[in-house]
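Working notes for the structure below.
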Amino acid sequence: MAELEVEIVAADHFVWSGAASLVKARTSDGEIGVMPGHSPVLAVLAAGELAIVPSNGERFTVQADGGFFSVDKDRVVIVADNAQLDDTATVGNR
């Protein structure tokens, strides 16, 4: 099964990276959902919640204050001004 390679970083710290089956985010143009095979995208990330469904775990969320969101060849890179995993997140690749 195809997977997304996801990396989330803030301006001054690493947030999360790993394999995922779905990433949802809010951009300046509206919400976007990305699954494996998605066409390339470069967008301005709006402040709000990112939802990640990792390949080996349960859905978790990240609060982001804006930044950039890119998708290319099943690789999603999110560079946020500031971002924090929600307190309830129990994920391995922090």
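When a residue number appears, it is its place in the shown sequence, counting from 1.
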Sub-3.5 Å donor-acceptor pair from the side chain of His13 to the main-chain atoms of Ala83, do we have one?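 Answer holds: yes.
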Per-pair distances, 0.1 Å, donor-acceptor, side chain in residues 26-44, under 3.5 Å, sequence neighbours excluded:
unit_1 : atom_1 : unit_2 : atom_2 : d
Thr27  : OG1    : Asp29  : N      : 3.2
Thr27  : OG1    : Gly30  : N      : 3.4
Thr27  : OG1    : Gly30  : O      : 2.7

Measuring from atom [atom1] of [X] to atom [atom2] of [Y], what distance do you get when rounded to the nearest 0.5 angstrom?
X: Arg75; Y: Leu4; atom1: CZ; atom2: CG; value: 11.5 Å
X: Ile52; Y: Ile78; atom1: CD1; atom2: CD1; value: 5.0 Å
X: Asp65; Y: Leu45; atom1: CG; atom2: CG; value: 9.5 Å

So among Val23, Val77, Leu50, which one has a side-chain contact (heavy atoms from CB on, under 4.5 Å) with Val6? Val23
With side-chain contact (heavy atoms from CB on, under 4.5 Å) as the criterion, how do Val15 and Val9 come out once you've worked through the C-alpha distance, each side chain's angles and the decisive distance to 0.1 Å? CA-CA 5 Å; Val15 179; Val9 296; 5.6 Å; no
When you group the ILVMFWY residues by side-chain heavy-atom contacts below 4.5 Å and let the links chain together, are Val76 and Phe60 in the same group?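 The answer is yes; both residues are in one hydrophobic cluster.
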With sequence neighbours left out, write down each residue that passes side-chain contact (heavy atoms from CB on, under 4.5 Å) with Gln63, or none if nothing qualifies.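 If we apply the side-chain contact (heavy atoms from CB on, under 4.5 Å) test to Gln63, skipping adjacent residues, the hits are Glu49, Asp86.
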